[in-house]
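First comes the structure, then the notes that go with it.
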Number of protein chains: 2
Amino acid sequence: MARLSSADRRVALVQAALRVIDRDGVHAATTRAIVAEADMPLASFHYAFRSRDELIRQVIASVVEGEKAAAVDSLVPGADLQSTVRAGLQAYFDLVVASPSHEQAMFELFHYSLRTGDLADLPQAQYESYHATVREVLEVGARLTGMRWATPVDDVARLVVVFTDGITLAWLADRDADAAGRTMDLAASAITALAVPDRKENP
Amino acid sequence: MARLSSADRRVALVQAALRVIDRDGVHAATTRAIVAEADMPLASFHYAFRSRDELIRQVIASVVEGEKAAAVDSLVPGADLQSTVRAGLQAYFDLVVASPSHEQAMFELFHYSLRTGDLADLPQAQYESYHATVREVLEVGARLTGMRWATPVDDVARLVVVFTDGITLAWLADRDADAAGRTMDLAASAITALAVPDRKENP
DNA sequence: GTCTATAAGGAGATAGAC
DNA sequence: GTCTATCTCCTTATAGAC
């Protein structure tokens with residue numbers, strides 16, 4: 001194997017850290033566990049990162065980007081806005097069920113940041129990114145189904161994230177996919193109720 | 001100070017642990033930090049509890065009880081169901097704002113349990129307790145305002161917990177109380193939409 | 001540049017003195 | 001019964017050999 005550049009080493013460590021966190025949780029992501037996962041000697045860690053928290057910061061930036069890509073993929077236009085929203089929620093939920101520990105890891109990273117002085121700026125940025133991403137999806141979804149949001153789209157986006165977080169937590173606790181489905185039905189209705197037909201569509 | 005019985009010692013340690021967790025997070029709640037908070041020698045810890053996780057189990061049982069009491073207190077009947085629900089959400093949210101790190105601690109304990117084999121049974125019990133408590137409040141709230149739930153009350157209760165969890169997480173991230181208020185407005189509407197006038201009230 | 005070896009400190013749990 | 005002193009293991013970080 002060729003020697004890695006410093007930048008490549010950082011990327012490899014971030015990916016290894018994410019694998020460890022997904023598998024065993026944030027508290028298990030020690031420098032030793034991470035370098036073992038990346039198959040590197042321990043000293044390489046502090047050659048690439050100043051501290052463990054500097055790596056965690058990169059990990060969070062990386063996963064937030066990943067969520068953004070996943071959200072955009074979730075837009076599968078349906079017959080009307082309600083079925084589009086319901087399908088989007090289901091697409092997200094399917095990801096959660098496929099890798100529950102990844103979603104757990106997202107929450108753990110969030111709470112770890114809240115408690116860590118050096119990372120205290122991350123939670124706000126994380127949720128701003130979520131809200132901005134969902135807002136874009138909402139705008140496209142409404143346009144594709146001839147609707148517009150009667151409530152400020154910022155507030156609708158926040159509501160959607162509230163739903164996805166809450167639905168995820170409840171399912172992580174009881175693994176009741178049927179109940180989660182019923183909550184998503186209610187959520188899709190509540191979200192769709194905030195839109196009205198777009199008059200500009202048929203002038 | 002008189003010597004404490006074994007049972008009293010357990011209670012004192014659980015309360016001390018909760019104070020440490022609220023203040024500094026679950027990861028900071030080491031046996032040493034807990035006995036220091038309780039002003040006891042280190043060895044007392046393993047005299048009262050077999051392991052740290054056995055204490056954490058007690059802490060979770062204790063805080064879940066606390067949430068139950070708080071939820072019942074949140075029932076302040078208003079003019080109609082919607083304002084009653086809105087006031088209940090606000091009462092909960094006021095508690096979050098008053099002690100954010102306590103609500104953070106609840107989430108941390110939840111995620112810690114999910115990752116810890118010995119405690120893996122707790123998250124489900126924790127959410128069952130939440131759902132049961134909210135269900136009772138919902139039933140009383142509907143009755144007091146002459147309404148009944150047209151959707152199974154179990155599903156409504158789950159939706160309410162989804163809202164409170166999601167609203168709390170978003171506020172912990174951006175501390176935007178105005179945005180949280182607008183989400184609570186939307187939530188109160190969505191919840192109230194699931195109830196209908198109770199025909200039996202005026203036979 | 002890279003890695004072995006080690007420093008320095010914190011963790012849970014317990015042996016054994018009183 | 002109670003607590004001091006300690007055991008053993010694991011952590012982040014770095015010094016210094018190659």
Side-chain angles (χ1 to χ4, degrees), chain A residues 1-14 16-21 23-60 105 108-109 111-113 115-120, chain B residues 1-14 16-21 23-60 105 108-109 111-113 115-120:
Chain A
M1 180 167 73
R3 279 221 295 273
L4 297 171
S5 74
S6 177
D8 288 343
R9 223 170 251 268
R10 285 171 65 94
V11 171
L13 284 169
V14 166
L18 186 55
R19 285 198 300 275
V20 173
I21 293 171
R23 192 196 318 125
D24 303 319
V26 170
H27 83 281
T30 64
T31 54
R32 283 177 156 76
I34 294 165
V35 295
E37 177 77 22
D39 198 27
M40 286 184 200
L42 179 56
S44 291
F45 189 93
H46 287 91
Y47 180 79
F49 291 98
R50 188 127 44 92
S51 70
R52 180 174 171 275
D53 283 344
E54 191 188 305
L55 169 97
I56 296 288
R57 176 178 285 274
Q58 280 305 114
V59 170
I60 292 174
E108 289 173 353
L109 286 167
H111 290 294
Y112 181 81
S113 300
R115 292 286 189 193
T116 305
D118 283 354
L119 305 178
Chain B
M1 180 167 73
R3 279 221 296 270
L4 296 171
S5 74
S6 177
D8 288 344
R9 223 169 251 267
R10 285 172 67 94
V11 171
L13 284 169
V14 167
L18 187 55
R19 286 196 300 276
V20 173
I21 294 171
R23 193 196 320 124
D24 303 319
V26 169
H27 82 282
T30 64
T31 53
R32 285 176 160 78
I34 294 166
V35 296
E37 178 76 24
D39 198 26
M40 287 183 197
L42 179 56
S44 291
F45 188 94
H46 287 92
Y47 181 80
F49 291 98
R50 187 127 45 92
S51 70
R52 179 174 172 274
D53 283 343
E54 191 188 305
L55 169 96
I56 296 288
R57 176 177 285 275
Q58 280 305 115
V59 169
I60 292 174
E108 289 173 352
L109 286 167
H111 289 295
Y112 180 81
S113 300
R115 292 284 190 196
T116 306
D118 284 353
L119 306 178

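In what follows, every chain begins at residue 1, and chains take the letters A, B, ... in the order their sequences are listed.
Residues passing the side chain to side chain contact (heavy atoms under 4.5 Å, CB included) test with B:R57 are B:L119, B:D121, B:L122, sequence neighbours excluded. Remark: A:A16 pairs with A:R19, A:I34, A:E37, A:A38 by the side chain to side chain contact (heavy atoms under 4.5 Å, CB included) rule, at least two apart or across chains. A search for salt bridge (Lys or Arg N to Asp or Glu O under 4.0 Å) contacts involving B:R52 returns nothing, not counting sequence neighbours. In this structure A:D118 satisfies the side-chain hydrogen bond (donor to acceptor under 3.5 Å, both in side chains) test with no other residue, sequence neighbours excluded.
Atom C1' of nucleotide C:dA11 and atom NE2 of A:H27 are separated by 12 Å, given to the nearest angstrom. Here C:dT2 presents its P atom at 12 Å from CG of A:L13, a figure rounded to the nearest Å. Following rounding to the nearest Å, B:I34 (CD1) and C:dA11 (P) show an atom-to-atom distance of 11 Å. Rounded to an integer number of Å, the gap from CE of A:M40 to C1' of C:dT4 is 17 Å.
The minimum heavy-atom distance linking A:R115 with B:I21 is given by the pair NH2-O, 3.3 Å.
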(request) Starting at the 5' end of nucleotides 12-18 of chain C, put B wherever the base has a protein heavy atom under 4.0 Å, S where only the sugar-phosphate does, and a dash everywhere else. (result) BBB----

Quick one: side chains of residues 41-48 of chain A, donor-acceptor pairs under 3.5 Å with protein atoms, not counting sequence neighbours, listed by atom name and distance.
from	atom 1	to	atom 2	distance (Å)
A:S44	OG	A:R9	NH1	2.9

